[in-house]
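Structure, as structure tokens:
Along the sequence shown, residues carry numbers from 1. The model shown is predicted, which means the values in this text are computed figures rather than measured ones.
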Amino acid sequence: MYRDVSSCNTYNYGDALYWNARYVQEGGSFDWYQRYSALRPFVRKYIPTSSRVLMVGCGNAHLQMDVRDMSFFEDESFDAVIDKGTLDSLMCGTNAPISASQMLGEVSRLLKPGGIYMLITYGDPKARMIHLKWKVYNWKIELYIIARPGFEKPGGCSSSMKSYLEPVPITDDGQLPAEFVLEDPDSHFIYVCKKMNDMDENHIPSYTLKGDIL
């Protein structure tokens, strides 16, 4: 029901064989979705330099592990987990909702209280919040929207950094407001999920969008 069919029609992103073949063809290092220069403000704001960080989705690196079962690592062993497109790939595979819940459950287990799961994805709130806002994760979620690299506003005006760093409220159920219009229809969404302490009785699930309303 919640498989990202529209984003999976061109390539079989949910198949490991596809990725193995692609990495053979495209050797060397490269960045998915966004370059670090664009993500730096978010990383520096939410992830201290002393943090122990897990990057899920090894790309063409040597360490390989199934994100649905990361039992190699102990509970609450990371300060932050960063995901650039790994959840997106799972959402293109078979049994996508089950795979997503398994992965996100493992991410939650590995994070220390106060830790950050930073998800960079093509999935808008309608496609992603259904998976992220489960109470068992106890995440306080903020959402940012960033145009794809090289995107220019109509008229040749480049998209400003200030715009995607400013907060915009979203609906009570974590969705974009009806009047919200994306500058770039192929924007990336950055979900910053903070694991709240189980003992924090004052915590109320919170959803904040950061981006542009035109």
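- Aromatic pair Y122/F189: centroids not less than 6.0 angstrom apart.
- In this structure, the side chain of N197 does not engage the main chain of P113 through any donor-acceptor pair within 3.5 Å.
- Taking 4.5 Å as the limit, some side-chain heavy atom of L132 sits within range of a side-chain heavy atom of I141.
- Under the 4.5 Å side-chain criterion, counting only non-hydrogen atoms from C-beta, K195 is not in contact with N138.
- Contact check for F151 versus S187: no side-chain heavy atoms found under the 4.5 Å cut-off.
- Proximity of R148 to Y33: side-chain heavy atoms (C-beta onward) are nowhere separated by under 4.5 Å.
- When atom types are taken as modelled, the side chain of E106 and the backbone of M70 share a donor-acceptor pair closer than 3.5 angstrom.
- With sequence neighbours left out, R40 forms a salt bridge (Lys or Arg N to Asp or Glu O under 4.0 Å) with no residue at all.
- Taking OG of S51 as the start and NZ of K112 as the end, the distance is 8.0 Å to the nearest 0.5 Å.
- The backbone N or O of I98 sits less than 3.5 Å from a side-chain atom of S101, completing a donor-acceptor pair.
- A distance of 8.5 Å separates CG in D69 from CD in Q102, rounded to the nearest 0.5 Å.
- Looking at Q175, its side chain does come within 3.5 Å of a backbone N or O of K126 through a donor-acceptor pair.
- Looking at T86, its side chain never comes within 3.5 Å of a backbone N or O of D83 through a donor-acceptor pair.
- With hydrogens and angles disregarded, no donor-acceptor distance shorter than 3.5 Å links the side chain of N95 to the backbone of P97.
- Considering V53, V43, V81 as possible partners of M118, the one that fulfils the side-chain contact (heavy atoms from CB on, under 4.5 Å) test is V43.
- Between R128 and D88 there is a salt bridge, since at least one side-chain N of the basic residue sits less than 4.0 Å from a carboxylate O of the acidic one.
- The minimum heavy-atom distance linking R44 with Y36 is given by the pair NE-OH, 4.4 Å.
- Contact record, D79 with S50: OD2-O, 4.5 Å, taken as the closest heavy-atom pair.
- Counting all heavy atoms, side chain and backbone alike, L176 lies closest to T171 at O-CG2, 4.1 Å.
- Among pairs with a residue in residues 85-120, those fulfilling ring pair (Phe, Tyr, Trp, His ring centres under 6.0 Å) read Y117-W139, at least two apart in sequence or across chains.
- Between atom CD of residue E76 and atom OG of residue S108 there is a gap of 9.0 Å, rounded to the nearest 0.5 Å.
- If you take CG on L143 and OG1 on T121, they are separated by 10.0 Å, rounding to the nearest 0.5 Å.
- Using a 4.5 Å heavy-atom threshold, the side chains of M91 and H131 count as touching.
- The closest donor-acceptor contact from the side chain of K84 to the backbone of G57 lies at 3.5 Å or more, if one exists at all.
- Within the 4.5 Å cutoff, the side chain of Q34 has heavy atoms near those of the I146 side chain.
- No hydrogens or angles considered: a donor-acceptor pair under 3.5 Å links the side chains of E142 and Y46.
- To the nearest 0.5 Å, atoms CG (L54) and OG (S77) are separated by 8.0 Å.
- Residue F78 holds its CZ atom at 9.5 Å from CG of L111, rounded to the nearest 0.5 Å.
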Walk me through it: do F180 and I145 pass the test side chain to side chain contact (heavy atoms under 4.5 Å, CB included)? CA-CA 12 Å; F180 188 88; I145 296 179; 3.4 Å; yes
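- In this structure the side chain of L39 never reaches within 4.5 angstrom of the side chain of I82, judged on heavy atoms.
- Residues M129 and D124 have side chains not in contact (no heavy-atom distance under 4.5 Å, counting atoms from C-beta outward).
- Applying the ring pair (Phe, Tyr, Trp, His ring centres under 6.0 Å) test to residues at least two apart or on different chains, none of the pairs has a partner in residues 79-106.
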